[in-house]
Amino acid sequence: MEATPRARNPQAVLFACGLNSVRSPIAESLLRHMFPSALYVRSAGVRKGELDPFAVAVMAELGQDISGHRPMTFEELDDWEGLNFDLIITLSPEAHHRALELTRTHAAEVEYWPTQDPVGEQGNREQKLDAYRAVCESLLMRIRRRFSKVGAASG
């Protein structure tokens with residue numbers, strides 16, 4: 001079931017996945033670099049993971065440094081700054097379920113973008129990096145489609 005896009009553009013976006021170590025920090029960085037002043041962007045996970053070095057390497061290829069990203073859970077983000085997001089984009093089933101639970105008490109739109117987790121990819125370093133690049137590219141395409149009007153609408 002495809003979510004219908006809202007007429008208004010979100011001002012605060014949260015990307016969420018299982019561990020906040022690969023997919024959601026990549027998406028956060030991509031969107032933040034696309035619209036550095038038009039949107040507030042963060043990421044969180046259902047559980048706390050460790051930042052993945054392959055994710056750091058793939059983003060560095062794009063000139064984006066995520067090496068300082070510190071994975072955090074929904075609860076840690078809520079404790080730290082609150083969950084004041086008008087759009088939560090979930091990238092894994094467990095994050096989607098968690099976001100739907102949150103929207104019982106927080107007013108936010110939730111969109112589910114099923115995104116392959118490249119962590120279990122087998123092969124040599126280059127083959128693993130290719131899997132991470134594919135995730136990055138698919139997220140970049142979805143972000144461009146979803147947020148194409150943001151720059152024009154902000155003022």
> What are the two closest non-hydrogen atoms of E76 and P71, and how far apart are they?
Replying inline: OE1-O, 4.2 Å
> Would you say R144 and M34 make side-chain contact, with heavy atoms under 4.5 Å?
Replying inline: yes
>> Ignoring hydrogens, what is the shortest heavy-atom contact between A55 and I26? Give both atom names and the distance.
In response: CB-CD1, 4.1 Å
> Closest heavy-atom contact between S21 and L51?
Replying inline: O-CD1, 3.6 Å
>> Could you tell me if the side chain of V46 sits less than 4.5 Å from the side chain of F74, heavy atoms only?
In response: yes
> Are L91 and M141 grouped together when hydrophobic residues (ILVMFWY) are joined by side-chain heavy atoms under 4.5 angstrom apart?
Replying inline: no
>> For a 4.5 angstrom cut-off between non-hydrogen side-chain atoms, does L87 reach F147?
In response: yes
>> What I'd like to find out is whether the side chain of V119 reaches to under 4.5 Å of the side chain of V22, using heavy atoms alone.
In response: yes
> Between the side chain of Q122 and the main-chain N/O of G120, is any donor-acceptor distance below 3.5 Å?
Replying inline: yes
> Is there a donor in the side chain of Y132 and an acceptor in the side chain of D52, or the other way round, less than 3.5 Å apart?
Replying inline: yes
> Measuring from L77:CG to L83:CG, what's the distance to the nearest 0.5 Å?
Replying inline: 5.0 Å
> Does some side-chain heavy atom of N20 sit less than 4.5 Å from a side-chain heavy atom of H69?
Replying inline: yes
>> Using every non-hydrogen atom in the two residues, find where S24 and A44 come nearest and quote the distance to one decimal.
In response: OG-O, 3.7 Å
> Can any side-chain N or O of S29 pair as donor or acceptor with the backbone N or O of A27 at less than 3.5 Å?
Replying inline: no
> Would you say R47's side chain and L19's backbone share a donor-acceptor pair under 3.5 angstrom?
Replying inline: no
> Taking all non-hydrogen atoms of both residues, which atom of T73 and which atom of K48 are closest, and how far apart?
Replying inline: CG2-N, 3.5 Å
> Taking all non-hydrogen atoms of both residues, which atom of P118 and which atom of Q116 are closest, and how far apart?
Replying inline: CD-O, 3.4 Å
>> Would L14 and I89 count as a side chain to side chain contact (heavy atoms under 4.5 Å, CB included) here? Give the steps.
In response: CA-CA 6 Å; L14 175 65; I89 297 174; over 6 Å; no
> Between the main-chain N or O of P10 and the side-chain N or O of D86, is there a donor-acceptor pair closer than 3.5 Å?
Replying inline: no
> With side chains defined as the heavy atoms from C-beta onward, is the minimum distance between H33 and E28 less than 4.5 Å?
Replying inline: no
>> Within the structure provided, determine whether L31 and F15 are in side-chain contact (heavy-atom separation under 4.5 Å).
In response: yes
> Got a sec, which residues hit side-chain hydrogen bond (donor to acceptor under 3.5 Å, both in side chains) with E121, two or more places apart in sequence or on another chain?
Replying inline: none
>> Rounded at 0.5 Å granularity, tell me how far CG in L30 sits from CD1 in I143.
In response: 4.5 Å
>> Test side chain to side chain contact (heavy atoms under 4.5 Å, CB included) on W80 and E75; report intermediate values, then the result.
In response: CA-CA 8 Å; W80 188 56; E75 291 75 23; over 6 Å; no
> How far does CZ of R98 sit from CD1 of I88, to the nearest 0.5 angstrom?
Replying inline: 9.5 Å
> Who are the side-chain hydrogen bond (donor to acceptor under 3.5 Å, both in side chains) partners of E61, not counting sequence neighbours?
Replying inline: R133
> Partners of P114 by side-chain contact (heavy atoms from CB on, under 4.5 Å), sequence neighbours excluded?
Replying inline: Y112, R142
> If only atom types and distance count, is the side chain of R23 paired as donor or acceptor with the main-chain N or O of V135 below 3.5 Å?
Replying inline: no
>> Using 0.5 Å steps for rounding, measure from the CD atom of Q11 to the CG atom of L39.
In response: 8.0 Å
> Do C17 and T90 come close enough that some side-chain heavy atom pair is under 4.5 Å?
Replying inline: no
> So does E81 have more than 12 non-hydrogen atoms from other groups sitting under 6.0 Å from CD?
Replying inline: yes
